[in-house]
J.: 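Have a look at the structure that comes next, please.
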Protein chains: 2
Amino acid sequence: MTTAQLTKSFPGLERALYEELGKEGQLKEFREGEIILRKGQFIRSAVLLLEGTIKLYQEDEDGGEFFMYYIQPGEACAVSMICSHEQETSSVLATAATDSTVLLIPLSCMDQWMSHYKSWRQFVIQAYRSRYQELLNTISEIAFRNMDDRLEFYLRKQVKQFGKIIRFTHQEIANDLNSSREVISRLMKKMENNGWVILHRNSIEWIKDDFNAA
Amino acid sequence: MTTAQLTKSFPGLERALYEELGKEGQLKEFREGEIILRKGQFIRSAVLLLEGTIKLYQEDEDGGEFFMYYIQPGEACAVSMICSHEQETSSVLATAATDSTVLLIPLSCMDQWMSHYKSWRQFVIQAYRSRYQELLNTISEIAFRNMDDRLEFYLRKQVKQFGKIIRFTHQEIANDLNSSREVISRLMKKMENNGWVILHRNSIEWIKDDFNAA
DNA sequence: AGATCTGTGTAACTTAAGTCACGCAGGCCT
DNA sequence: AGGCCTGCGTGACTTAAGTTACACAGATCT
C-alpha cells in the first residue's frame, strides 16, 4: 500500500501517518455479499474502507435485519473503532454490498495515533459524527414516517449510491425495511402509477428526476 | 470546582486533567424542564453532566419529539462533542429531566486534551460508544418491536432512572413514544390487569419486581 | 417442448395503532 | 356548594401494515 494510493481514499492526513497506515494496516478483500462483521463478533481491528461499499444492518434476535446505512471509500466503520477499544462485541452486521477492499488497523495503533496525529483525531471524530448522524436520520425515519415515505427515502439512497437502476428484488427491499414483500409490491405499484419508477423483473428504474423535492 | 468534586463524577482521570477541567470548565445550572440544547442550535462547548439527569430527544419537523435516552452524571453529551468540532448544528433536543449542573468545556480544549491525556481520549471514545449503542438499541426497539413491548421497555427505563413511582401522565408518555394518549391508556390498563403496575392519577407504580424477565 | 423456479400482482382478510367521541372522577377555585 | 379543568377509561370507527392465498409471466433446465 503506497502513500499515493492511500491519499486518494483518505486525503489530508499527515505524511508520517500515511506511512504508518501503510506499515501497520493490513489489506483485506471481500467479495460482494460476504459478511465483514457479524453481530456478536469480537473485533480486534478498526476497519477503513478503501474500495467498494459496505452495508450496515441492525440485527434482531429473531432473524430480522434492518438496513441502516452505507459506508463509502474513505470512511471508517465507527462500530469497529468503538469495539476495538474494549472487549465488547459488535452489535451490528456489516456486509460487502459490492466487492470491497478494506484496511485493517490494529487497535494498538489507534490510541498512539490519537495522541500523535491531529489529522487522525479529526478523522476519528468525523467518523463518529457522520455515523451518529446516520443513526439519527434512521430513527427519524422509522419513528415519524410511514412506509411509503420510508420506501421513497430508501430508493433515493440506492440511486445515490448505485445509479438509477436499482438491482434489488421486492423481497430484498422488504427485508432491508423490515417489512413484507407484498407491502413493497403494493407501494411500488403506486409509485409506478405516479410515474416515479418503472418496474422490471429484478430491478427498478428510478425516473423521477426532481432529485430534491419530496 | 475542586478536583475532589470532579473526581466523584469523573473518576480515573489524570491529576493534571482535573486541574484543567476545573480551570477551563464553566459551571452552568439548569432547572427541571429547561432546554439545554435546541435542535438547530450552534454548539460552542462540550457538555459534561455533573448532577441531575438530561433527557435526549430526536425532533421531527412537525413538532414531534421522540425520546431516545437519558444522560447520567459522569457522562457527556456526545452530540455536543461532535458538533463542537465543526460549524454544524445540533440535530437533537436535550432537556433537564431534573435540576442539573453541567460543566461546559470550550471546544479549543477538546483537541489539546485529546493529544495530551490518555484518560481524556478514553473518556471521549467511551462517550461515543455508549451513545452510539443507545441509538442502536432505540432503533432495534422501533424497528422490530410493537408498542406494548416498547412501552414496557420505556417504563423499565424510568424505573431504573427514578424508581418505581413513575411521575408521568399518559399524555407525556405518549409524546415520548410518538404515540397517542388513548393507545397508552389502553396498553397501560392491560399491564395493570396483568399485575405489572398500579395506575394512579399523574403517576404509575411499577410493581413487577422480576426485573430481568421479559 | 414440457417442467420447474423465481419474482411479481392482487384480492381478501386480520391485526396494530391512531382517531373521534364521550363520560367520569378527583382536585382546585370561587 | 357549584363550576371547571385535567387526566383517565372506553367503545366505535378508520387506517396502515402484515398475512394468506392464489394467479401468472418470464427465465432456466431437461
Side-chain angles (χ1 to χ4, degrees), chain A residues 33 60 62-67 138-155 158 165-207 214, chain B residues 33 60 62-67 139-155 158 165-207:
Chain A
D60 189 32
D62 11 296
E65 295 167 9
F66 184 82
F67 170 64
T138 304
I139 288 177
S140 252
E141 243 184 279
I142 48 183
F144 300 124
R145 302 289 159 213
N146 288 0
M147 210 56 206
D148 47 1
D149 282 1
R150 289 174 49 199
L151 177 57
E152 186 191 337
F153 206 81
Y154 175 86
L155 293 176
Q158 308 312 315
I165 307 287
I166 301 161
R167 290 177 208 291
F168 286 130
T169 66
H170 295 182
Q171 184 62 62
E172 289 171 316
I173 296 173
N175 291 344
D176 278 5
L177 292 172
N178 196 50
S179 175
S180 72
R181 203 262 313 162
E182 294 87 335
V183 172
I184 301 301
S185 284
R186 261 200 306 256
L187 295 175
M188 213 69 104
K189 206 65 197 168
K190 223 186 274 177
M191 285 188 157
E192 187 174 49
N193 291 337
N194 291 343
W196 297 15
V197 294
I198 299 171
L199 302 179
H200 306 281
R201 188 191 175 82
N202 289 313
S203 76
I204 295 140
E205 198 180 339
W206 184 264
I207 55 172
Chain B
D60 189 33
D62 12 296
E65 295 167 9
F66 185 83
F67 169 64
I139 288 177
S140 251
E141 243 184 279
I142 48 183
F144 300 125
R145 302 289 158 214
N146 286 1
M147 211 56 202
D148 46 1
D149 282 1
R150 289 175 49 200
L151 177 57
E152 186 191 336
F153 206 82
Y154 175 86
L155 293 176
Q158 308 311 316
I165 307 288
I166 302 161
R167 291 177 208 289
F168 286 130
T169 66
H170 296 182
Q171 184 62 63
E172 289 170 317
I173 295 173
N175 292 343
D176 277 5
L177 292 172
N178 197 50
S179 175
S180 74
R181 204 261 313 159
E182 294 89 331
V183 173
I184 301 301
S185 284
R186 265 202 301 257
L187 294 175
M188 213 71 103
K189 207 64 195 169
K190 224 185 275 178
M191 285 187 158
E192 188 173 47
N193 292 338
N194 292 341
W196 298 15
V197 294
I198 299 172
L199 301 179
H200 306 281
R201 188 190 176 82
N202 287 314
S203 75
I204 294 141
E205 198 180 339
W206 184 264
I207 55 171

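Per chain, numbering begins at 1; letters A, B, ... match sequence-line order.
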J.: Whole angstroms only, please: what is the CG-P distance between B/Leu151 and C/dG18?
T.: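 In whole Å, C/dG18 P lies 12 Å from B/Leu151 CG.
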J.: Starting from P on D/dA17, measure out to CG on A/Asp149 and report it in whole angstrom.
T.: 9 Å
J.: Describe, in one word, how the ring planes of B/Tyr154 and B/Phe67 are oriented to each other, choosing from parallel (under 30°), tilted (30 to 60°) and perpendicular (over 60°).
T.: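 Correct class here is perpendicular.
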J.: Please report the distance, rounded to the nearest Å, between CE in A/Met147 and P in C/dA17.
T.: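 Taking CE of A/Met147 and P of C/dA17, I get 15 Å after rounding.
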J.: Take atom CG of A/Asn146 and atom P of D/dT14, then tell me their distance rounded to the nearest Å.
T.: 19 Å
J.: Side-chain N or O of A/His170 less than 4.0 angstrom from OP1 or OP2 on C/dG9?
T.: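 Yes, because at least one side-chain N or O of A/His170 sits under 4.0 Å from OP1 or OP2 of C/dG9.
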J.: Mind checking side chain to side chain contact (heavy atoms under 4.5 Å, CB included) for B/Asn175 and listing every partner two or more places apart, or none if nothing turns up?
T.: B/Gln171
J.: Would you kindly give the NE2-to-C1' distance between A/His200 and D/dA25, to the nearest whole Å?
T.: 16 Å
J.: Would you kindly give the NZ-to-C1' distance between B/Lys189 and D/dG7, to the nearest whole Å?
T.: 13 Å
J.: Using the side-chain hydrogen bond (donor to acceptor under 3.5 Å, both in side chains) definition, which of the options B/Ser185, B/Ser179, B/Ser180 pairs with B/His170?
T.: B/Ser185
J.: Round to the nearest Å and state the distance from A/Asn202 atom CG to C/dG9 atom P.
T.: 12 Å
J.: Taking CZ from B/Arg201 and P from D/dT6, how many angstroms apart are they, rounded to a whole number?
T.: 10 Å
J.: May I ask you to decide if B/Leu199's main-chain N or O and B/Glu192's side chain share a donor-acceptor pair within less than 3.5 Å?
T.: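 At least one qualifying donor-acceptor pair exists.
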J.: Residues in side chain to side chain donor-acceptor pair (under 3.5 Å) with B/Asp149, at least two apart?
T.: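 Partners of B/Asp149 by the side chain to side chain donor-acceptor pair (under 3.5 Å) criterion come out as none, since no residue qualifies.
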J.: For A/Arg145, look at atom CZ and say whether over 12 heavy atoms of other residues, nucleotides or ligands are found less than 6.0 Å away.
T.: yes
J.: Using a strict heavy-atom distance below 4.0 Å, which residues from residues 175-188 of chain B are in contact with DNA chain C?
T.: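 Nucleic-acid contacts, sorted: B/Asn178, B/Ser179, B/Ser180, B/Glu182, B/Val183, B/Arg186.
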